[in-house]
There are 2 protein chains.
Amino acid sequence: MKIGELSRATGTNIETIRYYERIGLLPAPDRTAANYRSYSDAHRSRLSFVRHSRELGFTIEEIRSLLDLSDDPARDCAAADRIATAHLEQVEQKIEQLARLRDELTRIVGRCRGGIAADCRVIEALGDHRHCESPHV
Amino acid sequence: MKIGELSRATGTNIETIRYYERIGLLPAPDRTAANYRSYSDAHRSRLSFVRHSRELGFTIEEIRSLLDLSDDPARDCAAADRIATAHLEQVEQKIEQLARLRDELTRIVGRCRGGIAADCRVIEALGDHRHCESPHV
DNA sequence: TATGCACCCTGTAGCAACTACAGGGTCAAG
DNA sequence: CTTGACCCTGTAGTTGCTACAGGGTGCATA
């Protein structure tokens with residue numbers, strides 16, 4: 001299939017597909033006589049793997065490792081589990097951080113009673129960390 | 001104060017301070033005879049405002065708008081409230097998205113029983129979206 | 001007096017993970 | 001035979017910094 005079909009089949013931007021090839025995440029496909037890229041089903045499923053992993057927040061480098069593992073079926077599955085578990089922990093940390101941030105923002109936004117900027121509690125709170133109830137970031 | 005002192009006073013990287021000046025977020029300070037930047041307390045509190053807002057996840061452009069508002073005390077506070085409220089909504093959406101992602105990852109990780117990559121449920125799940133219980137991203 | 005060291009300067013390039021052109025070639029339908 | 005959809009390469013932009021390279025300044029110590 002041509003790049004446009006692969007794009008539609010996987011919901012991936014054409015430029016992104018070429019980008020993945022450039023960085024070596026997708027193998028370079030065969031070319032037609034007109035120098036068009038010609039993809040196989042193997043390409044399609046590899047790209048699906050990449051996109052799905054990206055949607056789940058894995059970095060390109062993590063995906064590279066996961067692809068290496070899946071390319072070699074004899075390899076130890078524990079490595080894949082380690083990558084996924086580490087990533088899960090990062091996601092959990094990010095959620096906690098955002099939750100703290102949300103609480104702080106809720107507090108700040110709740111204090112706005114309208115009026116002019118000179119009396120704005122939002123601006124005041126942003127200017128002074130001491131208004132915060134818990135550390136964020 | 002010199003840039004190093006401002007850096008320590010606000011916990012901001014020196015390169016970041018110069019970057020903020022370059023993009024017009026911090027006004028260019030006076031210079032000493034040796035061409036060193038010389039900051040006032042007004043600079044310090046403006047930088048604190050910027051850093052605190054960044055910690056809360058506001059983008060540079062949002063901060064620019066918030067600074068414009070705080071520079072003009074006669075302006076309507078509602079604009080600041082709108083920016084903060086919109087940002088809060090984004091944070092809440094991001095939290096929900098990450099929570100869905102965490103659930104999916106938890107499901108995937110939980111299926112790994114060790115063994116070889118050919119039978120790895122982690123890799124299998126990443127390769128096929130149909131293993132997912134809920135849509136993510 | 002020299003010299004070492006911490007600090008400052010400018011300008012440019014790099015990071016992640018794309019996205020968006022510019023400027024060109026290919027191919028099938030009407 | 002031309003219109004339009006598609007494809008190609010190569011480069012530059014995005015966000016918010018961070019990291020040099022290659023130089024100048026200022027003060028304390030040997």
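In what follows, chains carry the letters A, B, and so on, assigned in the order in which the sequence lines appear, proteins first and then strands, with residues in each chain numbered from 1.
Taking atom CD1 on Ile17(A) and atom C1' on dT19(C), their separation rounds to 14 Å, with Å as the unit. One can place CG of Asp30(B) at 16 Å from C1' of dC8(C), the figure rounded to the nearest angstrom. Per the geometry, CG belonging to Leu47(B) stands 11 Å off P belonging to dC17(D), to the nearest Å.
Between the two ends of the helix from dT1(C)-dA30(D) to dG30(C)-dC1(D), each summarised by a five-pair axis, the helix axis turns through 30° (rounded to 10 degrees).
Minimum interatomic distance between Leu126(B) and His52(A) (heavy atoms only, all atoms of both residues): O-ND1, 3.0 Å. Nearest heavy atoms, Phe49(A) versus Ile123(B): CE1-O, 3.4 Å. Across all their heavy atoms, Arg44(B) and Ala9(B) have their closest contact at CD-CB, 4.2 Å.
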Verdict with supporting geometry, Arg64(B) and Ile23(B), side-chain contact (heavy atoms from CB on, under 4.5 Å): CA-CA 10 Å; Arg64(B) 231 185 261 281; Ile23(B) 64 170; 4.1 Å; yes

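Here the OG1 atom belonging to Thr59(A) is positioned 9.0 Å from the CG atom belonging to Leu66(A), to the nearest 0.5 angstrom.
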Give the B/S/- string for nucleotides 1-8 of chain D, one per nucleotide from 5' to 3', where a protein heavy atom under 4.0 Å of the base yields B, of only the sugar-phosphate yields S, and otherwise -. -----BSS

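The closest side-chain heavy-atom distance from Thr16(A) to Arg51(A) is below 4.5 Å.
Applying the side-chain contact (heavy atoms from CB on, under 4.5 Å) criterion to Arg82(A), with sequence neighbours excluded, gives Ala78(A), Ala79(A). Taking Asp30(A) as the reference, nothing meets the side-chain hydrogen bond (donor to acceptor under 3.5 Å, both in side chains) condition, with sequence neighbours excluded. Under the salt bridge (Lys or Arg N to Asp or Glu O under 4.0 Å) criterion, Arg37(B) pairs with Glu21(B), not counting sequence neighbours.
A donor and an acceptor atom, one from each side chain of Arg46(B) and Tyr39(B), are nowhere located under 3.5 Å apart.
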What N/O pairs connect the protein and nucleotides 15-18 of chain C at under 3.5 Å? Give each pair on its own line.
unit_1  : atom_1 : unit_2   : atom_2 : d
dA17(C) : OP2    : Ile60(A) : N      : 3.4
dA17(C) : O3'    : Arg54(A) : NH2    : 3.4
dC18(C) : OP1    : Arg51(A) : NH1    : 3.4
dC18(C) : OP2    : Tyr20(A) : OH     : 2.9
dC18(C) : OP2    : Arg54(A) : NE     : 2.6

